[in-house]
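The chains referred to below are lettered A, B, ... by the order of the sequence lines, with proteins before strands, and numbering in each begins at 1. Predicted model only: the values in this text are computed from it and were never measured. For the numbers below, each heavy atom of this structure counts, side chains included, while hydrogens, waters and symmetry mates do not.
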2 protein chains.
Amino acid sequence: MSDLLERLRGRGWRMTAQRRVVAEVLDGDHVHLTADEVHSRAVAKLPEISRATVYNTLGELVSLGEVLEVATDKRAKRYDPNAHRPHHHLVCAQCGAIRDVHPSGNPLADLPDSERFGFTVSDVEVTYRGVCPNCAAA
Amino acid sequence: MSDLLERLRGRGWRMTAQRRVVAEVLDGDHVHLTADEVHSRAVAKLPEISRATVYNTLGELVSLGEVLEVATDKRAKRYDPNAHRPHHHLVCAQCGAIRDVHPSGNPLADLPDSERFGFTVSDVEVTYRGVCPNCAAA
DNA sequence: ACTTGACTTAGACATTGTCTAATGTAGGAT
DNA sequence: ATCCTACATTAGACAATGTCTAAGTCAAGT
């Protein structure tokens with residue numbers, strides 16, 4: 001994730017300890033934390049960081065296109081740092097575990113003009129739901 | 001939607017004025033109300049209905065498979081009475097308008113075994129995003 | 001018409017997210 | 001190296017959405 005910090009600096013982002021910590025927390029694959037989880041982990045590294053800053057920083061990262069907001073779960077938003085490789089999500093209906101997946105085929109192409117109602121369609125979000133091996137075993 | 005009331009009675013649902021009103025409010029195509037919107041409209045027909053009852057009733061309808069919860073918007077859950085014809089959603093990124101759509105192709109078939117991580121995948125939810133004709137004109 | 005268990009209610013509480021005014025600080029200017 | 005200042009951070013109030021509880025009410029079978 002050091003590329004991220006690098007890129008952001010290049011875009012004129014002022015670098016602060018708080019922002020560094022948030023970016024660190026978001027590092028990795030198959031990472032889909034809620035804002036609150038990001039905050040907890042950030043507090044572990046920098047105890048005085050505030051909730052508002054975490055929300056602000058996440059919002060900025062989303063605006064900059066560096067992090068995606070995903071709504072896999074119907075409670076809190078989750079933040080996915082894997083914004084530069086398009087992908088979709090596979091969610092366990094029981095425990096909520098989330099994996100990134102890469103389906104073949106392009107769902108955008110599957111929406112005929114007659115089903116577009118005059119919209120300019122630019123994006124598609126796919127969420128697969130099922131039961132993960134762990135929960136199936138239990 | 002009278003079939004719905006019929007079906008529910010058949011399943012041993014106790015019929016009350018409150019439940020009837022919630023079912024009536026949810027009638028129609030391209031209906032995707034938040035719990036709060038359902039509540040407002042229900043109050044118009046039955047002023048003393050409480051928020052808790054609306055939430056309870058919506059939850060029951062979802063459990064019974066008569067209504068779907070959709071997370072198109074990242075704020076409140078929305079409730080879609082069109083549960084018996086599989087479909088996906090097309091959302092305007094600006095005004096939030098939602099249409100039901102029926103893509104060709106089956107996205108479930110597009111997820112190869114190698115991308116299933118041992119999950120038993122049972123369902124898929126697709127959300128297309130774009131700009132509706134109204135917002136494009138503005 | 002009774003009775004009873006399921007339904008509804010008001011409102012407290014919980015969770016998630018947003019906003020503000022005061023304070024602190026990164027990084028360019030001197 | 002120090003100073004400035006615009007931008008960032010903070011605590012906490014507030015807002016929106018959702019959940020729970022205890023007490024009262026009522027649908028529907030008898």
Under 4.0 Å: is that the gap between some side-chain N or O of A:Arg19 and OP1 or OP2 of D:dT9? yes
So, OP1 or OP2 of D:dT10: does either fall under 4.0 Å of a side-chain N or O from A:Gln18? yes
With a 3.5 Å cut-off and no angle check, do the side chains of A:Glu66 and A:His84 form a donor-acceptor pair?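 Present: a donor and an acceptor within the cut-off.
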Under 3.5 Å side-chain donor-acceptor pair for A:His30 and A:Arg99: yes
How many Å lie between [atom1] on [X] and [atom2] on [N], as a whole number?
| X | N | atom1 | atom2 | result |
| --- | --- | --- | --- | --- |
| B:His39 | D:dT19 | NE2 | P | 15 Å |
| B:Lys77 | C:dT16 | NZ | P | 12 Å |
| B:Asp36 | C:dG17 | CG | P | 17 Å |
| B:Arg20 | C:dC7 | CZ | P | 14 Å |
| B:Arg78 | D:dG18 | CZ | C1' | 15 Å |
| B:Leu8 | C:dA6 | CG | P | 17 Å |
| B:Leu46 | D:dC26 | CG | P | 12 Å |

Quick one: does B:Arg14 reach the base of C:dA6 with a side-chain donor-acceptor pair under 3.5 Å? yes
If you pin A:Met15 and B:Thr16 to their nearest nucleotides in DNA chain C, which one's is more 5'? B:Thr16
For B:Arg75 and for B:Ala17, locate the closest nucleotide of DNA chain C by heavy-atom distance; then report the residue assigned to the nucleotide nearer the 5' terminus. B:Ala17
Which nucleotide sits closest to the side chain of B:Arg9: C:dT16, D:dA28, D:dG18?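 The answer is D:dA28.
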Whether [Y] and [X] form a salt bridge (side-chain N of Lys/Arg under 4.0 Å from carboxylate O of Asp/Glu) is what I want to check.
| X | Y | answer |
| --- | --- | --- |
| B:Glu37 | B:Arg78 | yes |
| B:Arg19 | B:Glu60 | yes |
| A:Glu125 | B:Arg129 | yes |

Smallest separation among heavy atoms of B:His88 and B:Val124, with atom names: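 Heavy atoms only, the tightest pair is CE1-O, 3.5 Å.
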Give the ring-plane orientation class for B:His102 versus B:His87, where under 30° counts as parallel, over 60° as perpendicular and anything between as tilted.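 B:His102 and B:His87: tilted rings.
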What residues in residues 48-62 of chain A put a non-hydrogen atom under 4.0 Å from any atom of DNA chain C?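 Within residues 48-62 of chain A, the residues near DNA chain C are A:Arg51, A:Ala52, A:Tyr55.
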5' precedence on DNA chain D between A:Trp13 and B:Ala76 (nearest-nucleotide basis):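 Residue closer to the 5' terminus by nearest nucleotide: A:Trp13.
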